[in-house]
Amino acid sequence: MLLSEIASALDLTLEAQDREIERLTTPDLATEDTISFISSDRYLQFLPTTKAAAVVLSAKHKRLAPASAATLVSENPHLSFAQATAFFASPLVKREGKKATIGKGSEISDKAHIGLDTVIGSNCLIMAGVYIGDDVTIGDDSTIYPNVTIYNRAKIGSRVRIHAGTVIGSDGFGYAQTKSLTHIKIRHLGRAVIEDEVEIGANSTIDRAVLGETIIRRGTKIDNLVHIAHNCEIGEYSLITAHVVFAGSVKTGRNLVVGGHSGFNGHIEIAPYVTVAAKSGVTKSIKKSGIYAGFPAIEHGEWLKQQAALSKILKNAVRGSKK
Amino acid sequence: MLLSEIASALDLTLEAQDREIERLTTPDLATEDTISFISSDRYLQFLPTTKAAAVVLSAKHKRLAPASAATLVSENPHLSFAQATAFFASPLVKREGKKATIGKGSEISDKAHIGLDTVIGSNCLIMAGVYIGDDVTIGDDSTIYPNVTIYNRAKIGSRVRIHAGTVIGSDGFGYAQTKSLTHIKIRHLGRAVIEDEVEIGANSTIDRAVLGETIIRRGTKIDNLVHIAHNCEIGEYSLITAHVVFAGSVKTGRNLVVGGHSGFNGHIEIAPYVTVAAKSGVTKSIKKSGIYAGFPAIEHGEWLKQQAALSKILKNAVRGSKK
Amino acid sequence: MLLSEIASALDLTLEAQDREIERLTTPDLATEDTISFISSDRYLQFLPTTKAAAVVLSAKHKRLAPASAATLVSENPHLSFAQATAFFASPLVKREGKKATIGKGSEISDKAHIGLDTVIGSNCLIMAGVYIGDDVTIGDDSTIYPNVTIYNRAKIGSRVRIHAGTVIGSDGFGYAQTKSLTHIKIRHLGRAVIEDEVEIGANSTIDRAVLGETIIRRGTKIDNLVHIAHNCEIGEYSLITAHVVFAGSVKTGRNLVVGGHSGFNGHIEIAPYVTVAAKSGVTKSIKKSGIYAGFPAIEHGEWLKQQAALSKILKNAVRGSKK
């Protein structure tokens, strides 16, 4: 669509020459047919060298944009971004496309729904009540248990197992706030990727990315009722137990082990070979492999000592107050 | 049915004249065809002025009832209430009724189930594996993703999105205990109401009310794997992130924001414009807008100071014990 | 199959005479056609008296085995166990068997899937989108709400209610680690048993046992989004509220009551008539009935005193630092 149409819909002023826009991406991945948004300071570093055809940004950042980009000044680039995503979202159900391609030896329940332009490898089992959207790919020897939902464009590897009721590729929890404190939905244009040999338990949820991909790396095992938010990347051979929550854009190294009811703050990085004890809250990036516990999570050895000290202090305080 | 029949089934003595009973409600909403229960002290204030035809109550409360009401004395009015709900529950699947009315432009998957006397507005998308019960209403332009279940009599607004696997209007967790410590189910006669522009993530659960309504107010956004119990009312434009739990009968103001893994005690009220940090436990009503954290939740500024103090005390204690 | 075939697949040396193996069980339940594994010290007590035809164990335990058992020495018996389970797993979908037997008055949605050799009692309601696997039994007067999944061989009692989206009998979260820190799946050969008058809320998950049974005892009520891991046994007439997590092999007495967001460590036992407050973490067995709270959970009375003392200490510390 034309940049002038987007500008008009977003109520922004286009001072540069009009041009055709095909895609919406982050500024680092932008090409000459792309609109990008400096919707957070995280993206500022990519602004001077972005190849985007157009960039929506705050007035104060305008001078950092390259000459090649048309700049559109917004009072609230995050809100403009949310509004713009609506123009790039594909329909939830395709009207036209190719009937799914099913590999040799795969068995698809007639109570399953398989979308258009979807490709399923060989020797897969797709059980009753499964919903697989459009443009999904699934490798070989994978099992999708009953009542699983896989949203459009997800990519599922080989020898994957996804247990009953789990949802892959649902929209992340992303909204921009208006001045009147209502919320504008950020349409999630990205997808979810589940690599080979991943197993996911029952009733877990793995959201698609806003842009780009949410990735569960090879060989990782996820328990029941786990939530992994948009744009996370969970490292290879990790073990994530029940009721764990990852907020958005967490990136972890390989062989992460997480105990039940633990949570991870958004936008942090976790080193490889980290273990997090149950009921912990990881608030900051972890740079060193090892065992962590508590809220905020600290090194497990230190946490044990602190808990022992706390227990002693409290027992003494209670005993003292009885006198 | 006749009051004498109910009394007999509940093993209670009817001393007043018999009368026809049509409904079971709380005493404040009762009319002349209604039976009500003083099953908790919360309802005592409504007893003197109730218009109920009959009231089941403890012997000690009998003198507070109006002359218009037949009083039935129970040793355990909460247990009598649970037993009585069975007489007013409608069947899970209607035998007779009108085929659902579907508005113009709405698309219903042939793998979805739509109940009788249900009305779906225009331009809705009801995807495969969805179950919509009897007597449900859905507004215009709403999307119900795959494998969602909507129980009987739920009311869903316009421009609502309900993501895959979510359950709306399931029975709340309510039982009365017998003397032998077994549990009698309270049949949930109420319903769930989802107002306009609400979005609910994947695999969340919103229970119907015991009597009356569980309400999610306009424009509120709910993440994945959230639990909202019977009779809650969540204020407009709230943001509820993953794995949050609301116990029963919580009432919140508008623009509540809640971080992951937080919980709310039952029967409390939350002022408008309150933010609750992740992993908090809100145990009491919050009367002032602001940010809260911790378990029990306190003002966030104070909590931060306390956490810093605690960290210092524990570090010193651990260091001290090493000497 | 022949023991020599198993030994070869597991890369273990068979020094004894070959024999036919029919089953894989724990050593205490083994019979003359069984292979057993001393995959944890928990099983060591059963080794001297096991009737197993073959036992896989560490070299150091070999001398404890009875003469009747062929011993196969493994560097990592837990890993050998995981590998062996693959030989004893039955197919996810039966090719042959008897069409399900449905009792008088039961109503099965034509959008439900019912497996082979399954038996459903009388007056049951099986709603749309339900998946019931092969060899399942369900008693009388039970209701299975929409989009529930019941895996193969589960046993469901009479007067049971299972609400929408719940998953019964999914594989537990069990893997053995290789030297290169990848994970070998333990095939779950056991099943899930839900006794009479149990009610389970929406989107909960109850995993099958590795071997043997996960059991929810008679009259227990479980709320939404609860996770009960493999091999747990939850006592009669318990009340488990939303978002509670039981790790594997927890055994509880009757009338357990658990508040929201609480968790139980694996392999512990809980006495009858125990109440656990919300947001607690039970790390050790509880031997005495009573009320418990905190993480790690302690007696509730003591916890209340400690929390009061902690609050006082922190308030004073914050006030002191302001001077």
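Note that the structure is a prediction, hence the values are computed from the model and not measured. Each chain gets a letter, A, B and so on, in the order its sequence line appears, and its residues count up from 1. Atoms considered below: every heavy atom in the structure, side chains included; atoms not considered: hydrogens, waters and symmetry mates.
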Does any backbone or side-chain atom of C:R218 lie under 4.5 Å from a heavy atom of chain B? Answer side chain, backbone, both or neither.
neither

B:Y131-C:Y145 aromatic ring centre distance below 6.0 Å:
no

Nearest 0.5 Å, please: how far is OG in B:S262 from NZ in C:K279?
5.5 Å

For the CD1 atom of C:I222 and the CZ atom of B:F173, what is their distance to the nearest 0.5 Å?
8.0 Å

Taking the side chain as every heavy atom from C-beta outward, state whether C:K221 and B:K185 have any atom pair closer than 4.5 Å.
no

Is it the backbone or the side chain of C:T166 that comes under 4.5 Å from a heavy atom of chain B, or both, or neither?
neither

If you compare all heavy atoms of B:H243 against all heavy atoms of C:H261, which two are closest, and at what distance to 0.1 Å?
O-NE2, 3.0 Å

What part of B:S204 gets within 4.5 angstrom of chain C, counting heavy atoms only: side chain, backbone, both, or neither?
backbone

Cut-off 4.5 Å, heavy atoms of chain C, and the answer for B:I298 is neither

B:D207 versus chain C, the contacting section by heavy-atom distance below 4.5 Å:
side chain

Identify the two heavy atoms, one from C:N147 and one from B:V148, that lie closest to each other, and give their separation to 0.1 Å.
ND2-O, 3.7 Å

Contact class of C:H163 relative to chain B, heavy atoms under 4.5 angstrom
both

Pick whichever of C:A278, C:G259, C:G129, C:A128 has the most heavy-atom pairs under 4.5 Å with chain B.
C:A128

We want to know whether C:N203 and B:T205 form a side-chain donor-acceptor pair, criterion being a heavy-atom distance below 3.5 angstrom.
no

Would you give the length of the straight line joining atom NE2 of B:H227 to atom CG of C:N224, rounded to the nearest 0.5 angstrom?
5.0 Å

Region of C:I240 in contact with chain B, defined by heavy-atom distances below 4.5 Å:
backbone

Less than 4.5 Å to any heavy atom of chain B: does that hold for the side chain of C:T220, its backbone, both, or neither?
neither

For the atom pair CD (C:E199) and NE2 (B:H183), what is the distance rounded to the nearest 0.5 Å?
11.5 Å

Could you grab the distance from atom CD of B:Q307 to atom CG of C:L314, nearest 0.5 Å is fine?
7.5 Å

Please classify the contact between C:E197 and chain B as side chain, backbone, both or neither, with a heavy-atom cut-off of under 4.5 Å.
neither

Is a donor on one side and an acceptor on the other found under 3.5 Å between the side chain of B:Y151 and the backbone of C:A164?
yes

Considering residues at least two apart in sequence or located in another chain, which fulfil the side chain to side chain contact (heavy atoms under 4.5 Å, CB included) criterion with B:L181?
B:Q177, C:R254, C:N255, C:Y273

Sort B:T178 into side chain, backbone, both or neither according to what part of it lies under 4.5 angstrom from a heavy atom of chain C.
neither

Proximity of residues 108-116 of chain B to chain C, residues having a non-hydrogen atom under 4.5 angstrom
B:D110, B:K111, B:A112, B:H113

Winner by heavy-atom pair count (cut-off under 4.5 Å) against chain C, out of B:T283, B:D171, B:L310:
B:D171

Is atom NZ of B:K94 surrounded by more than 12 heavy atoms (other residues, nucleotides or ligands) closer than 6.0 Å?
yes

